[in-house]
Each structure stands twice: as C-alpha cells, then as structure tokens.
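Everything on this sheet refers to the single structure shown next.
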Amino acid sequence: MPVSNPTLSYTGLFILQALAQGYRFGFDIMEVTGLPSGTIYPALRRLEALELVTSDWETDLKARKEGRPRRRYYELTAAGKRQLAEAQARFHAVQRLFPKRSTT
Amino acid sequence: MSLPFLRCLLAAFARVVPTSERVRWREEWLGELEHVARKRGSRAAIRMVTGALPDAFAFRQARAGQARPAYRFISSLSWLDFKPLVRNRRISLIAIALFAVTIGVTTAIYAVIEAVMLRPIGMRAEDRTVVIWQRDDARSTPVVEAAHGEVDAWRRNARSVEALGVFSSVNWSLSLVDGDSHTRLAYAAVSAPFFEVAGVPAARGRLLNSLDEVGNEPRVAVISDELWRQRFGASSRIVGAVIRVQEDVELPVRSIEVVGVMPPGFDFPRGAQIWVPAAPSLRAFAQRARQDAGDVLANLRVFYVLGRLRQDALVAQLAEELSAISRPAQRGSAGGVSSVVVTPVDAYLQGPARPVLWTMLGGAVLMVLLACSSVAGLQVFRAATEDHALAVQMALGAERQRLIARALLEGVLLAGAGFIGALAMAWFVTTWLVSTAPLDVPRLATTRLTNWPVALFMVTLTAMVGVLAGVWPAVFVGRIDAGRTLTSGARTVMHPRERRLQRVVVGWQVAVAVVLLAGAALFVRSVQALDRTDVGFRAEGLLSMELEPSWKELERWDVFYDVLLSRSRELSGVTDAGAVYLRPLSGPIGNDTIPVLAGQEGLGENAPWRRNPRANTEAITPGYFRTLGIPLQAGRDFAATDVAAAPNVVIVSASAAARYWPGQDAIGQRLVVATQRAHGGREQLRWQTVVGVVGDVRYRGLLDPRLDIYLPAAQSTMRVKHLLVRTPGPAEPVIARVHAIARELDAGVHLGEVVLMSDALGRESAPWRFAMRVLSFFGGLAAVLATIGLIGIVWLVVAIQRRELGVRAALGATPNQLRRHTLTDALWTISAATVIGILGALGVGRLLAGFLVGTSAHDPLSLAGAAAVALCTGGIGSLLAAQGAARTSPADALRD
C-alpha cells in the first residue's frame, strides 16, 4: 500500500529505521531489511522525493583505494528523523527492528 | 554470469531512466554492483541487478506522475489492490457472467438493428423519401393502391413534394425465355420518375426515361446486379443486349432490350430483378383485356408511389395535401379513398420488424442497467463486509481518493472481463437471430459483428457499464468513516443513506423485472390470441404446391388439374386434394373484385354497386373445401357439373353473405363477378347464383380478414395455381410423386413454392413468438437478478443487526420473530417496487399497443401475472436468506 506524507508504508518505515541504525548504502539496507533491490531503490527515491531522506556520494579517495566506482549513500533529513520518531512512538517494536551497525 | 555482462545489462536498463538522471543512476548502480560482487559474490550481484529494472521504471513513472495523477494512480497499482476481486471469486464470477450475457445480447441486437435499420439503403435523400398509398375506411380496406394517372394529379398539385414515381405494389412475375428453358423473374413496373426519386445512378448503361414510357408494350428494361451476374455471367456486353420474356402463358414471347444494370445493393422494391416501364405494360394489358388504355392508366390501382419531400416539408403535411387533392376527385366514384398514407421509406421496408427490434433493444438496455445495479450492489455488499479492512488501510494512510478510484476501476475491470465473454455471447446470439430469421426482415443476413459501428457500440457500452457499476461502490467506500469503524467494533458500517440507496436499487430491479415480465406476458397473450385466431381451415397435414402448366388454353389447364387431382388423390398417404387460385395466407397479393348485386345494374360513375365492399375472389376445384376442412354452412359445394356450359354459380363466405345480404338468406341470391369464362361466343357477363355459404378463411394474412367469393375454376378465367393436398404422413414422398405426375403431364410445367400450411401459419405469428421468447428470457433473468438483490438486502440486515438479533434471541425471541424482523426491509421494498413496476408496465404497454393482438396494453391478467412472479421469486429468495437470521443464537451477541 503506497503511502504519502505524513504516513509511511512498512517499506518506508523499515528503510528509515535502517538508516537511523547506520545502514546507509542501498545494498546494506537490502541485506538488513531482507527486502529485494526492486523494492528498496524505488522506495528510497520516494523517500527522497518526500524529503525524508537525502543522498550524497562517498569520496573518490575511498573508492579509488578499494579500486571500484564510488557509491551513493543516504541519510535521514530532519523531517525524516521526526517522522521516524513519530512512528517509533506509535509502534514501539520498530526500534527493535535492526541491530545498530557496528562499522560504517 | 560475469560482471561485464551485468554492467552491460545496467547500461541497457539505464535507457529507461530519463536522460537528466541517467548518468547518476548508472553510477549508483555500478557502485553497488561492484561492492556486492566483491563482498557477496556473483549470485548476490545478479539478485541485486534484477531490482534495477523496476527502479528504472519507478524513476520514469515518478517523472511522468508529477504531471498526471491518473497515471500515477495506475502506475501505483499492484496485484494486491485486486486481491479482493479474486478472494471473493463467486461475486466476481457472477458479475462477469452478468456482464457477458447482457453486453453480448445487447450488442447482438444492436448489430441486427445496425444492419437492418441504421445502414443507409442507398437512396439519394433517404430521410426525405417516402412511400405513398391510400386507405378506404368506409370499406375497411387499409391499403388501396394508386393508379398510374392518379399520380399525375398529385404531381401537378402537391407543393411539399419534389418528385413522384410509381412502382408496382407487389413484384409481378415474368419468364425469361432462353430456348426451351423458362426462368421466373420478379419484375417491377415503374414509371421513369421512380429512378429520379431513388436517385441511384445505373452501374452500367442508363436508367429508364420518359421516352421509354411511350408505346403499347415495354421495349426496354433495367436489370439488377444479381441478375446480371447470375444469368448473364456479368457480361460486359449486357447493355444493348436483347432478351426474350413472357409475362403470362397466354401472351406471346416478347423481345426487350436491356438498357442498364443497377448497382449491387439496390433492392427496391424488395426482390425486384428487372425494372420495366409501367405505362407500356398497362397499355399492353388494356389491349389484351380489350379495355380502353386511358381508362386502365387512370383507374387500375396496382401501384405504390415513391416520393421525395421538399427540404422543409413534413410527412404529415404531404399526407394532408394529397388527401385533399384525392378527395374531390374520388367523391362518389368506385374506388373511394378516405385518406392518403405516407410512410418514410425505411419504415416501409422494415415493416413489423421495426417495433420488434426496438422493443428488444429497449429490453436489452434495461437488462444491462439491471446488471450494472446488481453488480454494484454486490460490490457494495462486499465492501460492507470488508469495511474493517478498508478502515485499517485508511488509518494507515491510504488516500481516500485512491480507494475510490480503485472501486471505480474494479467495476471497469469486471466489465472488461465480461467483455470477453460478451464477444462469444454476441456471436452466438447474432448467429441465432440471423439463422432463425423469424421475421421477413430486409438485410438481416448482412448482420455483422465485425464492423466499426458495432465494435464502437460494444466498447462504449462496456466502458459505460463498468463505470456505472463502479460508482455506487466508490461512493460507499468514500463514505467509510475509519475512526468510527475501528472504534465502534461494529462489523458493518452501512450508513443509513447507503441502506436507503440499496433499497432503491433493489427496488428498481424488482420494478424492471415486473415491466419486462409484463411485456413478455402481453406477447404471450398475443401469441395465444393468434393461435386462437380461426384461419378457417385445418393447417395440420396440409401441403400446398404451386404448379403452373405451360399451356395457355384454359381448357388444357383444366384437364391438367383434373388429372393431377384425381391421380394425387390415389397416392398413398394422400387423403384428399383440391386446387385454388391463391392459397390461404399467401400474403397481400390477391384478386379483389367488387360484385354487382341484383338490382344494382348500371355503368355510371355513381352506380350503386360501386359502393359495395370489395371481395377477395378465388377460383377453386370441387373438393377444395373438403380438403382444407372449410365448413359448408349452407347450400352445396361445387360439383363436377358446374362447367362453363352450366348455369353460373358462386359460393360466398359467411361474412360476405352477411355484408351483401344483411338479414337475408344468401342462397339463391344473384350477383355478377368479373373473371367469368366466355361460353358459346357470349362475351356478356351472366348472373351468378349463390349456391353455398362457407366459413371465412384468411387468404391474405392472419390479421387480414376479407370477404370471400369463390367461383368454380371451370367457369372462371382465373386459373387455379395451387394444389392443396391433405397428407397426414410425411410430406417429402408426396411432393416427389406429385411433381413427377405434373412433369409427366406437361414437361414444361413450372414447379413453384411448396409449403406446409402449418409452417405458413407459424410464420404468420413468428414475430410475436420471437418477441415473446426474448422478453420472457429478459424478464426471467431480471426476476433472478432482483431476487439476488433482495437476498443481499436480507443478508445485510442480518449482518448489521447480528448483535441486536443476538440480544433479541437472548431475551427469548423465537426464530419466527427474528425472521420477521429481518424480512421487513425486503418485503417493503418488493411491495413498493411491484406497484412502481406495474405503473411502468402500463407506460410500456402503451408503446407496444400497436403491436399487440387480441389483448390490451392494460391486460390485468398479464400485469397481475408479472407482479405475482416478481413477488413470489423475491419473497421466496428473501425467506431463504432470512433463515440465517432465525438461526442467530444469543452467543452471537457476544462475538465480534
């Protein structure tokens, strides 16, 4: 069920929570939520359009060191954090969804 | 799968993404791909890339969706949105079946109407072209044809008409002679302006012109495209070719030049294969009959008139004008007319098919509306039982508009699914309609489903049906109050307004069912009346065969029939045989004469006999009445001794006796009817004495009673042409043997129409039977739909008031009381709707009034019967549905 501001779909909620826990790249979010890439990416675009999420590129330096193209990472905006907090207040279980990411 | 291949795949997918975003999109995916491939291996990389395509499309749609909400809505749909349709499979299948049947039947009927009535008939100014004849109310003759000369007066004096041309009111027959072979052709005698009115140019050669109307016999003709192809092999040298024709066995073979060929599809008058100038034909006839040619042209009424109205003129105006012109000219003379009848040419061609087809289309459209409301009702019922789920979806943020749009879309999807079934249904019904052809309908055989108007009609109808069926569910979904639904814990939130709406919709279904059933009942009564109509003879086991020997001498003709009759009677399987000029129920053609009664002699314009009613005149052989089972009411039958040399005798029908000699004994009365055979060189007509009175017989049509006068064939110039054989067993061997005998007697005999009189009789009532069947089917289906609706009402009452019912049960209400409680709504609805339905049926009956036979549009029995059927099926359905309420236990009050 697609959802518009201010309410969230499950997918949207999962992604926000994953971002809050420090999973910032598409593939990492995929892995931790268990959702397929065909769901994650379109959902990220929607969240970005809703300005709950913003994106940027990792530095060239880091990518070149590992000898691969640079990756795009996502972050919660202030609105995104607010939205997530509201959802967490309503559904307490959300906070227990994913473990905090150890390394970034 | 190697990494480079996945990279190529991503590059290909990137084409989907709008150009402004493409580079960044590809870079992101490539970055992820490399990362995944390194960390998790190629399997994970492949899984990863499978998501790239949906993402690319999402990008594209997000861009497009900014501009168009409808597009965004459609692109946002997923399979889950339609899960309810699949979960409630039974409701969906019922809806699809209803749509398939009603859309299919309506399309089929529309296809027939399109072919028969809506396609242009190929005349230049079709909407202004009319067919004109006259009526004579004083002699109760609804159709009096016009004479050739009469039209001249009309043409001179009428203002509202541009052109007038005559054509023979029925097609005459002509033999095309080719060596020894004679082929019968249907020919139309027309005046030159006839073609001018029709406004259709010849495909080859020319049309008839005013010069062709000069002369004492026709010298030129125009032939039909069909005749040109079939008889002349579509020869390019047809124009100018001379053909040999013979109008009657008594006449010499004549040469006629073909001057033109009509284009394919020109079929007016219907069935005409060759058009011959009228005036020369009439002059030739006058010469033969030793009558004055001017008199025949002025008075022989054998034509209808084809006219073209002026741009601004009305049909009624022309009728008024022509009536005014005709009346003074006709006052007191023989063929008085009371008024002139003007009929638009399309109505003339379609005849009785018109009201039947429109009635059917009306019924079909009502059925479609009924199906819409039924499906809408089912959808609302489904939404009402799922309101909890809908409320949860809304609480989670589903947009209300989206749910409404989805409800609308569901209707369209169901209609779309029904469309596929409707195609099959339409094909089946069209095939059935065309092959059974219960009506003599022009162009019925050209009915096609595969043409633009029909396809457009079907698609439009389906779309409208889909939207109509979705509106009510959409309104219902739009009114769901998520907060109340979720907090009150009630199972169903049907707003009182919705319940009222449901009652209105079901009420309308019941009312339509009553209207359709009443219509069907009126046709059942008409068919009963037609079946009860006394045609005057026993049709079962009666076979009619048209046989015309090739000799012109009357005496040889007599001998042919004498021998044929006696040998036929000896055949096994034949109990009796007789012959007649024209068989009963042979259609509108016939020989009408005005008899001169004793004391009415005189030839003046105002001679009293000219006011006598016309009588259908037949020549018969002895044994004819016995063979047909026509009762002899007084006097005697003709005998073999009633020959030309003997005193002239006639037999009249009971109605004729009562009209010509009211209050007197007809036997022994004297009269003179033309068509007497000359005897002993005497040309003068002789008095004929009535020797018998027989029962009335319908010679023209089932609904066309006439007065009949019979002459012995041996005393008449009318030739018997129809052999009637009473054969209780199978007809085939008898037909073969009679044909063999006829050929043995005369190798050149013309073997014409062979028909079982029971079939001929059945054909007469076919249009009514057909309308009866279609309307009964519609009415029955409507009653079933209305009953389903009523059951829905009861179920909903039960669902809404489950808790209340439980409390009542706990307080000691008996099952009967519970049942009564839940039935109130449904029973009120049925009763009120039945009253409305009866009022509607009275209105519809008035539209059908002109087409009903032997019953009035307000026939109380039909109305009561329809109401009773609707009340019974609806009542029983509701009762069965209420059983659930009766089973409510106190525990139900505590559930939910």
Side-chain angles (χ1 to χ4, degrees), chain A residues 1-13 15 23-50 52-53 55-60 62-74 83 86-87 90-91 103-104, chain B residues 3 7 10 13 17 21 24-40 44-63 65-66 69 72-73 75-78 80-81 83 389-390 392-403 406:
Chain A
M1 179 177 38
V3 150
S4 73
N5 204 13
T7 41
L8 283 173
S9 67
Y10 288 116
T11 313
L13 193 58
I15 291 175
Y23 302 88
R24 296 166 61 198
F25 297 97
F27 176 71
D28 301 346
I29 300 169
M30 253 176 78
E31 272 203 321
V32 74
T33 60
L35 293 166
S37 59
T39 303
I40 293 288
Y41 284 93
L44 278 171
R45 318 281 181 223
R46 254 194 327 268
L47 292 172
E48 199 173 4
L50 293 170
L52 299 178
V53 156
S55 69
D56 206 346
W57 298 89
E58 63 177 1
T59 53
D60 264 355
K62 194 173 178 223
R64 216 174 294 148
K65 220 190 285 173
E66 290 180 28
R68 56 167 177 78
R70 58 189 188 145
R71 298 172 75 194
R72 189 176 188 173
Y73 66 88
Y74 295 85
Q83 187 77 45
E86 272 172 33
R90 220 167 39 190
F91 312 109
T103 54
T104 48
Chain B
L3 207 53
R7 281 199 209 106
L10 277 179
F13 291 166
V17 181
E21 305 281 342
R24 276 152 54 89
W25 184 87
R26 212 171 86 191
E27 204 180 344
E28 176 176 8
W29 276 97
L30 282 174
E32 293 298 300
L33 178 66
E34 300 281 339
H35 175 78
V36 174
R38 275 167 204 220
K39 286 258 160 93
R40 296 282 188 273
I46 292 167
R47 255 204 315 278
M48 175 90 196
V49 170
T50 54
L53 196 59
D55 183 40
F57 273 107
F59 243 103
R60 191 191 176 112
Q61 284 169 1
R63 189 50 59 86
Q66 280 163 10
R72 200 172 58 208
F73 163 64
S75 61
S76 74
L77 288 172
S78 79
L80 284 177
D81 284 304
K83 218 171 167 188
L390 289 168
V392 169
Q393 290 186 18
M394 273 187 209
L396 283 175
E399 291 169 63
R400 194 175 286 270
Q401 285 130 306
R402 191 166 185 288
L403 294 180
R406 199 178 68 181

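A, B, ... follow the sequence lines: proteins, then strands. Residue 1 opens every chain.
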For B/Arg40 against A/Phe27, the heavy-atom pair lying closest together: CG-CZ, 3.5 Å
B/Glu34/A/Arg68 ion pair, N-O < 4.0 Å: no
Top contributor to chain A interface from B/Arg47, B/Arg38, B/Lys39 [non-hydrogen pairs under 4.5 Å]: B/Arg38
Chain B contact via A/Arg70 - which portion, at a heavy-atom distance below 4.5 Å: both
Smallest separation among heavy atoms of B/Asp55 and A/Pro42, with atom names: OD1-N, 3.5 Å
Interatomic distance, A/Asp28 atom CG to B/Glu32 atom CD [nearest 0.5 angstrom]: 7.0 Å
Option that, when pairs with chain B are counted at under 4.5 Å, heavy atom only, ranks first among A/Pro36, A/Ser37, A/Ala49: A/Ser37
Side-chain touch B/Met48/A/Met30, heavy atoms, less than 4.5 angstrom: yes
Interface moiety of A/Glu31 toward chain B, non-hydrogen atoms closer than 4.5 Å: side chain
Validation row: B/Glu28, A/Phe25 side chains within 4.5 angstrom (heavy atoms): no
Closest heavy-atom pair and its distance - A/Gly38, B/Pro54: O-CB, 4.0 Å
Minimal non-hydrogen separation, A/Trp57 against B/Arg24, with atom names: CH2-O, 3.6 Å
Beyond-backbone contact of A/Pro69 with B/Trp29, side-chain heavy atoms, under 4.5 angstrom: no
Atom pair CZ (A/Arg45) and CH2 (B/Trp25), whose distance is rounded to the nearest 0.5 Å: 8.0 Å
B/His35 side chain to A/Arg71 side chain, donor-acceptor N/O pair below 3.5 angstrom: yes
